[in-house]
Trainee: 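Next up is a structure, given as structure tokens.
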Amino acid sequence: MQTTQELPTTNFRIRVAVPVHLFDTFDYLVTEDQYPQIHVGARVAISFGRQNLVGIVAEKLSLHSPINSTFKLKYITELLDHEAILDHKVLSLLTWSSSYYQFPIGEVMQSALPTLLRQGKPADLLTRMWVLLDEHAENKITRSEKQQEAYKILKLHPQGTAENILNLAGIETATLKALAKKEICKCVQEKQDLSPIPVTLAQMPLTANTDQKKAIEHILKARNKYQAFLLDGLTGSGKTEVYLQVMEQVLKQGKQVLVLVPEIGLTPQTISRFQSRFHCNIVLLHSGLNDSKRLQAWQYAKSGKASIILGTRSAIYTPLPHLGLIILDEEHDLSFKQQEGFRYHARDVALYRAHLEQCPIILGSATPSIDCYALVEQGKLTRLELNQRAGSAVMPKMHVLDLKTNQKQYGISQLLINEIKKRLEHQEQVLIFLNRRGYSPVLICESCAWQAKCPNCDANFTLHQQPYPHLNCHHCGTIHRKPETCPQCHHHELKPIGMGTAKVEEHLNELFPNVDIVRVDRDSTSRVGSWQKIYDRIQTSKPIILLGTQMLAKGHHFPYVTLVAILDIDAGLLSVDFRAPERTAQLIVQVSGRAGRGEKKGDVYLQTLRPDHPLLTTLVNHDYRAFAKQTLKERKEALLPPYRYTALIRCESKNQQLNQDFLQHHAHALRLSSENLIDIWGPIPAPMERKAGRYQAHMVLLSQDRAKLHFYIRQWWLNMLHQKPSNMKLSLDIDPQELS
Ligand code: ADP
Ligand code: ZN
Ligand code: ZN
């Protein structure tokens, strides 16, 4: 579409990445005065069609370069930054991501910016509150527990500390204000100083065991260059201690460390471990922060003031002038992959970033992904093992309970109930895992076999009893009141079949009437901070039953849990997705890993109808690695990922035939153009064909040659987007993690 326009030589132009779903960058005019002040990576306000948008300068053009527009060029509305807010390394990372994931550059760049910057708000720094103890604080008494806690922490920082750091330690701003009122501390508004502070140790490192020492030494050898490590350590083997000791050396060089975790809300203990080890500036970057806190954290990171940046997926795009190490913990976790819009995988982007920055990267997990084991095999990742539990803890013993032969009460086998009783009597804690929230996954009529189904999806409604009996579709969010009688035959007995966490909770209350039962799922922890409260409650040696979904599987350290029970693992064993065994094995090992992390030995009970399933027999011996080896072999034989590269096209509209015909047509075109290098599966209806009233179809593209796969898809995908009917939604997922 490029045309050359005759332009007077006095025209100064820039190329802007505009946040719209179009693949091009767009040219804008700037005045002669503006031109020298413009930096690549700065923001400009522009009008685009009828919209006013904030774009990022992608290129400053020389006076004679060809024009990337068929329209009359417009001037920018305003230059928003007088310096780049995205440095050239982050810009390269974003450009690479846009090209690799085949997603529009303007939208990709947007995702790197905190909301306030996307809205065009100023990027320079706000003031912040600095808090320090009053000289006479000791003589003033406060009875509030929260205030005493704050006082204790402030005492550790004689020169004072920033409000946001105290917030990280769980001290609320309101508490600080209350202390200030009593003249126990002073809160001073000050302009932020962005000079980094030297990092010192607040606490001595633990004495590393042999495996830890080996890993630390190995990583430190690569301290000043790119090398990627897979820290493959059993649950509770002290991976965090390895991170901390490597971080210490990197921080001492005045460099920054970026730590990526799956979900910040669920890892308060990781934060506190970093804080108690180092005196330095730590910032959190995640979506739970309000806009101004997030901008502030981002500015600290970008200016180099923050030494440790702890964030979720999107933090991978934060500008960090002195980046010296990337750590990605719980590498196998699916949350690192964005599942909508710009579908990047933070792990793969992190590997590329470490390469760009020439710094080491550590991917850590007790259950590494099969993808990572393949990278080890190819020599792209250096595998380091931690083979024993740290301290005095030992691995828990695994028991498989056959649901067919064991006597049960409420779906829990009698043997397990007895074991739970014993543990509780000894003041120990029990963790019960069930990956299904709500009361019951099925509601049927006993007379005519009617089932409660979502009218908009090919799925059953889940019955919930709280706050009133209702039916909830976990796929589209549709909610109906629970019918009193069968809508089909008016029979008045509707029966819930199967158990969700809420129903198990009810049964556990009957079985163990005097025991504290803590339910952890999305329904019980939806309020901010509720997980922290639950977490605090279980850090004491009281008999408690923790009952919950996969939120409990994520890397937590529960020192008093000695028994873990997995109530139903069979759905994971039966699924047809080729990645299902991998996910199921990871889940079993991760959940089991919560047992026996303290001084007492742990036991794990797995309830199943398939006790002889090979996956279970392998895992009973804690042999995730044997499982992984076997899985790699099978994938290799079947030419499945990671032995072939994939891309998934998802197509959605109100008409399945339209989806099928459209995909069929384009599949044919791709077959013709791609020299048989691409294998095409489908189009087929998605595993859940109808969702929220719309039909879904899939097509999977596979090839052993990644470069060629991406090459052939590129133009083809653009054509598809051009030709799609307006009521159809299409998406391209490069390296998809889920085929649903
Ligand atoms: P992982 O992250 O591998 O699951 P953690 O880092 O949470 O394991 O370590 C588990 C427990 O072991 C923690 O309480 C930690 O303080 C302790 N620990 C780690 N390394 C050592 C060590 N070298 N000596 C004693 N205790 C250790
Ligand atoms: Zn009926
Ligand atoms: Zn639905």
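In listed order, ligands and their atoms are each counted from 1.
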Trainee: Answer side chain, backbone, both or neither: which part of R273 comes under 4.0 Å from ligand 1, heavy atoms only.
Mentor: side chain

Trainee: Does ligand 1 have an atom that lies less than 4.0 angstrom from a heavy atom of R389?
Mentor: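 Heavy atoms of R389 never come under 4.0 Å of ligand 1.
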
Trainee: I want to know if ligand 1 touches L206 in the polar sense, i.e. an N/O pair below 3.5 angstrom.
Mentor: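 In fact, backbone or side chain, L206 has no N or O that close.
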
Trainee: Could you report the tightest heavy-atom contact between A459 and M688, atom names first, then the distance?
Mentor: CB-CE, 4.0 Å

Trainee: Examine the proximity of ligand 1 to K239 and report which part, side chain or backbone, both or neither, has a heavy atom under 4.0 Å away.
Mentor: both

Trainee: Output yes if C476 passes the N/O/S-under-2.8 Å test against the Zn ion (ligand 3); output no otherwise.
Mentor: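 Yes, within the cut-off.
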
Trainee: Is it the side chain (CB and beyond), the backbone, both or neither of T240 that lies under 4.0 Å from ligand 1, heavy atoms counted?
Mentor: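 For T240, the contact with ligand 1 is made by both the backbone and the side chain.
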
Trainee: Of all heavy-atom pairs between T367 and Q586, which one has the smallest distance, and what is that distance?
Mentor: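 For T367 and Q586, the tightest heavy-atom pair comes out as O-NE2, 3.3 Å.
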
Trainee: Please state the angle at the Zn ion (ligand 2) spanned by SG of C445 and SG of C489: what is it, rounded to 10 degrees?
Mentor: 110°

Trainee: Indicate whether the side chain of R313 and that of Q338 have a donor and an acceptor atom separated by less than 3.5 Å.
Mentor: yes

Trainee: Any idea which part of T207 is under 4.0 Å from ligand 1, heavy-atom wise: side chain, backbone, both or neither?
Mentor: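 Backbone only.
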
Trainee: Under 2.8 Å from the Zn ion (ligand 3), is there any N, O or S atom belonging to H475?
Mentor: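 Looking at H475, which is the residue asked about, there is no N, O or S atom under 2.8 Å from the Zn ion (ligand 3).
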
Trainee: Nearest 10° is fine: what angle sits at the Zn ion (ligand 3) between SG from C457 and SG from C454?
Mentor: 110°

Trainee: Counting backbone and side-chain atoms alike, is an N, O or S atom of C486 positioned under 2.8 Å from the Zn ion (ligand 2)?
Mentor: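 Yes, within the cut-off.
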
Trainee: Looking at ligand 1, is there an atom of it that comes within less than 4.0 Å of some heavy atom belonging to G233?
Mentor: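 No heavy atom of G233 comes that close to ligand 1.
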
Trainee: What are the two closest non-hydrogen atoms of A626 and T618, and how far apart are they?
Mentor: CB-CG2, 4.0 Å

